[in-house]
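These notes concern the structure reproduced below.
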Amino acid sequence: MSGKQTQDELSAVDPSRRKFLGTTAMAGLAGTGAVLGLTACGAPAPAQGDKSAPAAAASAENGKYEVAPGKLDAYYLISSGGHSGEARVLGCPSGRTIKRIPVFNIDPMVGWGITNESRAIIGTRPDGQLNYWTGDTHHVHGSYNNGTYDGKYFWVNDKLNARVARIRGDTFETDKIVELPNVQGQHGLFPDKRDPVDASINHTTRVFAGAEFHTPLPNDGRDKESPEKYGCLFTCVDALSMEVRWQCRIDGNMDLIATSYDGKYAASDQYNTEGGVHYEDMMSAEQDACVFFNIARIEQAIAAGKSTTIGNSKVPVVDGRKEANPDPKTSLTCYVPVPKNPHGVNASPDGKYFICSGKLSPTCTVIDLALIDQWFNGELAKPRDAVVAEPNVGLGPLHTAFDGRGNAYTTLFLDSKIAKWSVDGAIKQFKGDASAKVILDTIDVQYQPGHGFTSMGETNQPDGQFFNSGNKFSKDRFLPVGPLHVETEQLIDISGEKMKLIHDHSAYSEPHDGIIVRADIIKTRQIYDLDEFPNAVKTKEDSTIERNGNKVHIKLISQAPAFSMREFTVKKGDIVTITLTNHDKVEDLTHGFGIPKYNISFIVNPLETKSVTFVADKPGVFWCYCLHFCHALHLEMRSRLIVEG
C-alpha cells in the first residue's frame, strides 16, 4: 500500500487487503512444513464507478442492526481481556463496551487489588504484597441449567499464573479466585453442563481446566533436564466452593476444553504428544490427539483410593496416561488421533459431536460422542474409529461455532475467512458421498481470526443470529495510534444463507474467547444490602475512630454530598484501616474515595462496604475526596486526613 494513496483510493481497493498476509501470516508457520504458495491471494479490486447507490443500500441494510440512543442491546457479549488480566462486557449487536471487569489485574477505578476485600480474593503474601499483579485471561464461559446459560456465574482462566476466577452474573464482579497446584499455562477452561454422577442435578457443578505447559512434577528443581518426567494435569474445580477437587495426569499438552451435554465427558485437543521441550520436538509426529476424560470413572477411582498427590499439594491425582489405561472398559481417558498440532475443540449444540480444528491441517475433525461411549464400553476397535468426518474447510482452522441449524462456522487464520459448513454434509462426504455439499459460504474478515463464537452457540438453545470474529490484526481498519494497533472484533449476521458483515468494533489487545448471551438471561442487581457486609458501618453513630496501639480504624459513611466525618487525625507510623459504607440507595449513585500520595483509590456502590489499610508514613494534610461523580456538590465532597509528625 503506497503512503500516497488517497482515502478514496483506499476505499476502492479490495476490502480483504490481503497483500500483507504473504509475510505476516506465513511467518508464524516458518519451519512447520507449510507451503507458502497456499497463502490466500488478494482478489481483484472492484470496478471503479458510481459508488453512491451501493453505499446507500449498504447503509440502509446496516441500519436494521443499529442500537439507537436510548435502546438496549439484545445480547451481552462477555469476553476475555488477554494480558490486561481482565474480562469485558460488550453490548451486542452494538459492540459498545459496557464494563471492564478487573479479575487478575489492579484497577484503581473500582479499587481492585487495593481494597482489603479484593486483595483477599486475589491472595497476598505474608508481607502483605499481592501474590501476583499480572494475569492473562483467555476463555470465558458461563454456568448452565438444563443445557443453557442461567446467568449465575462466569469463569475465566489465567494462563500466566495458573488460576481460575469466578465472576458473579448479578454484579459482574469477581468473587473467587483459585490457584491450581502443579500447573503452568492453565489455558483451556469449561464448566460441565450437568452433574456427571448424579442424574438429578441438571446444572453446573464442576469447572474443568487444562494445563498447556508440561513441567517436572513436582516442579521444585528436580528433573529439569529429564523431559520424560515432565507432565500435564487436567484439573477439576468445584463450581460452588471454587476448591480444587482432583487432577488427572495425561500425555501431551492441552489446548482448549469442551464438555458434553449429558455430563459424561470433558475433552481437550492436544499438541506435543511427543513430549518435546523444544519447538522442533513438538512437530515431529503426524498426529496428536483429542483426549476424552470419563469424569465418573475418574471420581470412582479417587473414591476407591487409586490416587496419589504431588509435592506439597493434597489434591488427589489419578493417572490418565495411555500406558496406565490399557483396557477401554476401565480406562479413565480416551485419546482420539487428529492431525498434528490442532487448535480448539467445540461441542455441537445437539450434543452429538465434538469438533477439533486442524490449525496446521486444513481440516476439522468431527468426533461422534456415541462412538466414544462405545469405545469406553470396549465395543469400538480403536479410538480413531470415533471420527465420522474430516472436511477440508480452508487454511489455518482454529475454532468452530454453531447456529443450531446443522451448520458450523470455523475461523481460518491463514485465509482470513470464516467458513460456514454443513456437519451432516461433511459426514456424508466422509462416508463416500462425492455429491455431498460441505462448504456453504465463506466471508472475509480483517484480519486473521482467532476465536469465533455465535449467539447462544455453546448452549442447547443456539439462535443462529450472530457470529463474532475475534481478529488478531486490524492494520488499516482504525485510525493509527502508533506501532501497536487495536484488534478487531467483527460482527457477522448468520441468520440467512449468506453471511453478512455488520460492523467492526475495536478491542484493546489482546482479547481471546467470549460468549454471546441473551440479555433476558442476565438478572443484575442495582444496589447491595448492608447486611451482606459484616464490617458495614450501619449508622452515623457507628462512624468513629478506634485506636489500638498504633493501629487505627476509621469508620466512615458516604452519603451525597458528604462523608460522615470532616476530618480524622492519626500519627505518623500508624497502621490505618478505613472502612467506608455508601448509604445512598439510589441506583447508580456510587461514591469514590481517594487519598493523595497514598495510592488509595476505590469506589463503593449503593449500600456497599469496602476497606483499605495503609501505613500513615507521610505527615501533613491530605484531602480525601470523592472520585466518582455523584452529586451537584461532588467537588465539595471531601474530608481531611491529618497525619501528625
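- With hydrogens and angles ignored, the 3.5 Å screen pairs no side-chain donor or acceptor of Asp385 with any backbone N or O of Leu380.
- When side chains are defined from C-beta on, Phe453 counts as touching Asp513, because their heavy atoms get closer than 4.5 Å.
- Met283 and Tyr279 get closest at one heavy-atom pair: CG-O, 3.3 Å.
- A donor-acceptor pair shorter than 3.5 Å can be found between the side chains of Asp192 and Thr205.
- Between the Gln461 side chain and the Gly404 main chain, no donor and acceptor come within less than 3.5 Å of each other.
- More than 12 heavy-atom neighbours from other residues, nucleotides or ligands sit within 6.0 angstrom of NZ on Lys99.
- Residues Trp133 and Asn105 have side chains not in contact (no heavy-atom distance under 4.5 Å, counting atoms from C-beta outward).
- When only modelled atom types and interatomic distance are considered, Asp255 and His187 share a side-chain donor-acceptor pair under 3.5 Å.
- Taking 4.5 Å as the limit, some side-chain heavy atom of Tyr265 sits within range of a side-chain heavy atom of Asn294.
- Remark: Glu173 does not engage Arg166 in a salt bridge, criterion side-chain N to carboxylate O under 4.0 Å.
- A cation-pi contact, defined as under 6.0 Å to the ring centre and within 45° of the axis, is absent between Arg518 and Tyr75.
- Using a 4.0 Å cut-off between charged nitrogen and carboxylate oxygen, Asp150 and Lys152 do not count as a salt-bridge pair.
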Any chance you could lay out the side chain to side chain contact (heavy atoms under 4.5 Å, CB included) test for Cys356 and Phe354, step after step, and finish with the verdict? CA-CA 7 Å; Cys356 287; Phe354 280 9; 6.0 Å; no
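- One side chain, Asp288 or Thr273, offers a donor N or O that lies under 3.5 Å from an acceptor on the other.
- Residues Asp373 and Lys264 are in side-chain contact: their nearest non-hydrogen atoms beyond the backbone lie under 4.5 Å apart.
- A search for salt bridge (charged side-chain N to carboxylate O under 4.0 Å, His left out) contacts involving Glu212 returns Lys159, not counting sequence neighbours.
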Working for salt bridge (charged side-chain N to carboxylate O under 4.0 Å, His left out), residues Arg384 and Glu390: CA-CA 12 Å; Arg384 177 67 188 180; Glu390 208 156 57; 2.8 Å; yes
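- Tyr153 and Trp155 have tilted rings, their planes meeting at an angle from 30° to 60° on a 0 to 90° scale.
- Between the side chain of Gln184 and the backbone N or O of His214 there is no donor-acceptor pair closer than 3.5 Å.
- With a 6.0 Å cutoff to the six-membered ring centre and a 45° limit on the axis angle, Lys322 counts as a cation-pi contact of Tyr335.
- Shown here is Lys420, whose NZ atom has more than 12 heavy atoms of other residues, nucleotides or ligands within 6.0 Å.
- Contact check on Asp403 versus Arg405 returns a salt bridge, with a Lys/Arg side-chain nitrogen under 4.0 Å from an Asp/Glu carboxylate oxygen.
- Between His512 and His138, the angle of the ring planes stays under 30°, which puts this pair in the parallel group of the 30/60° scheme.
- A donor-acceptor contact closer than 3.5 angstrom links the side chains of Ser241 and Asp238.
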